[in-house]
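To start, the structure under review is shown below, and the notes come after it.
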Protein chains: 2
Amino acid sequence: MTTSRASIGNTRNPETHSAVLDAAEALLTEKGYAGVSMEAVARRAGAGKPTLYRWWPSKAALLMEVYERRKAEALAELPAGASAREDMAAMLESIMCFWRDTPAGQAFRSIVAEAQADPAALRMLRDEMLARGRASAAAMLRRAAEAGEIGPNPDTELMLDALFGMAWYRLLTHRLRRAPDEVPRLVAAIFLGAQPGGPFCLPG
Amino acid sequence: MTTSRASIGNTRNPETHSAVLDAAEALLTEKGYAGVSMEAVARRAGAGKPTLYRWWPSKAALLMEVYERRKAEALAELPAGASAREDMAAMLESIMCFWRDTPAGQAFRSIVAEAQADPAALRMLRDEMLARGRASAAAMLRRAAEAGEIGPNPDTELMLDALFGMAWYRLLTHRLRRAPDEVPRLVAAIFLGAQPGGPFCLPG
DNA sequence: GACGTAACGGAACGGACCGTATAGACAAAC
DNA sequence: GTTTGTCTATACGGTCCGTTCCGTTACGTC
């Protein structure tokens, strides 16, 4: 376990790097958000606190890397389905399964919590982490518009707020378990609202 | 300011009570969630820490009372409109304005954050604070069904998740400012999905 | 082969906050 | 007049914060 893992010289030690992320993830799953402190992570990882602060300026930054590491290996790529609507449903469903079935859900809950106390963390969450997902989801909606699945000028912002909002709300209230077909039905309803003349259609 | 406010005898001192709530609210608006500690609230209120812990077992409980006090005086009663759809839009809009224009928004953000670290706080948030609002919103949907505005057996849970979820998502990412008519259009879309044969219609 | 550089773990720091315990002043309730 | 319960004040041991200094290690360079 606690193999002596000293400096390997002039370079960042990748073992230390992953040991810290592993320790943070383990504490997160075992004790939840309250159990994760920089001090506890350092203890558990067999690392020094200065090492943590050298690479992660805040707890939020550490949690985000824990999350992103999981995400990279889990949500590699979703195959394109028959329609943008199905793609959207598959994406939302896979995010919610990812949150429910891996430590990433607890990590993301913690990141959102941290963002309520730390303005810099909020900006990073909103303008970097979320922006990526929203951009790819918005691209799906534009493809849907081009394919005629929905009207030509959908209010993508509002539609995404409803879709991601539902997922956040479920995550943060610990209600991620879904009835079958819930997500496809929600997506269908949002797409229905974006049919020509519908409430999600913008003029112009 | 710091009038000597000792015990008034065998009874709870209402001045102390409100002084603590005032102090918590002031810290919340001035310094945000991170600035609110039981210690700081006690200092600011000119109260003793044991007094705080006597009446509020946790920071979450204190924050919830700060929130509820504001809510009681602000969202007293919404007049019934011409349709359940308009009532729902008015309710959602008034909640978001309440969050945006009063310290309650910061309080609610803090409560959600606290709930991610404290399981008891999560239960109280979900099963008491939220349950009330969801119950009255579900009643609106039932009235809509009876009035024929939507189909007879709407999936109220999913509809409410989409509506409240959007509001939460905006609050927690500091994006509460809305384009005009956004909320009515979202509500219209959700109601549209609940028309007979729509994705929000349940069998039976 | 020697040296500068940078990462590493360990120990310690002052400070803030946690939740609790104790003590004494106070006035209502009985 | 005694009991009861609330209030302030202070102090406690503990945890965590973010930082500093230290001695060690070995890479990259000369």
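So you know, we letter chains A, B, ... as the sequences are listed, proteins then strands, and number each from 1. All values below were derived from every heavy atom in this structure, side-chain atoms included, with hydrogens, water molecules and symmetry-related copies excluded. Please read all numbers here as calculations on a predicted model, not as lab measurements.
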Quiz item: Can you tell if the side chain of A:Ser110 reaches within under 4.5 Å of the side chain of B:Gln116, non-hydrogen atoms only?
Solution: no

Exercise. Let me have a per-nucleotide readout for nucleotides 20-30 of chain C, 5' to 3', with B, S or -, counting only protein heavy atoms under 4.0 Å.
Key: BB----BBBS-

Practice problem: Specify the separation, in whole Å, of atom CZ of A:Arg5 and atom C1' of C:dG10. | Solution: 13 Å

Exercise. Look at atom NE2 of B:His17 and say whether more than 12 heavy atoms of other residues, nucleotides or ligands are closer to it than 6.0 Å.
Key: yes

Quiz item: Hey, is B:Asp22 close enough to B:Arg69 for a salt bridge, meaning N to O under 4.0 Å?
Solution: yes

Quiz item: Which residues satisfy the salt bridge (Lys or Arg N to Asp or Glu O under 4.0 Å) test with A:Glu93, sequence neighbours excluded?
Solution: A:Arg178

Quiz item: Is the closest basic N to carboxylate O distance between A:Glu25 and A:Arg70 below 4.0 Å?
Solution: yes

Exercise. Please work out which residues in residues 20-40 of chain B have a non-hydrogen atom less than 4.0 Å from an atom of DNA chain D and list them by number.
Key: none

Exercise. Under the salt bridge (Lys or Arg N to Asp or Glu O under 4.0 Å) rule, collect the residues that match up with A:Glu149, sequence neighbours excluded.
Key: none

Practice problem: Rounded off to whole Å, could you give me the CD-to-P distance for the A:Glu15 and C:dG9 pair? | Solution: 10 Å

Quiz item: Can you tell if the side chain of B:Phe191 reaches within under 4.5 Å of the side chain of B:Leu141, non-hydrogen atoms only?
Solution: yes

Quiz item: Can you find a pair of side-chain heavy atoms, one from B:Tyr67 and one from B:Phe98, that are under 4.5 Å apart?
Solution: yes

Exercise. Any pair with a residue in residues 159-173 of chain A that passes salt bridge (charged side-chain N to carboxylate O under 4.0 Å, His left out), sequence neighbours left out, goes on the list, sorted by first then second residue, please.
Key: A:Arg134-A:Asp161, A:Asp161-B:Arg170, A:Asp161-B:Arg175, A:Arg170-A:Glu182, A:Arg170-B:Asp161

Self-check item: B:Arg44/B:Glu39 ion pair, N-O < 4.0 Å
Solution: no

Exercise. Could you tell me from which nucleotide to which nucleotide of DNA chain D, 5' to 3', there is an atom under 4.0 Å from chain A heavy atoms?
Key: D:dC16 to D:dC27

Quiz item: Looking for any heavy atom pair under 4.0 Å, which part of the strands does B:Thr51 touch: base, sugar-phosphate only, or nothing?
Solution: base

Quiz item: Counting just side-chain N and O atoms, does A:Trp55 come under 4.0 Å of either OP1 or OP2 of C:dA7?
Solution: no

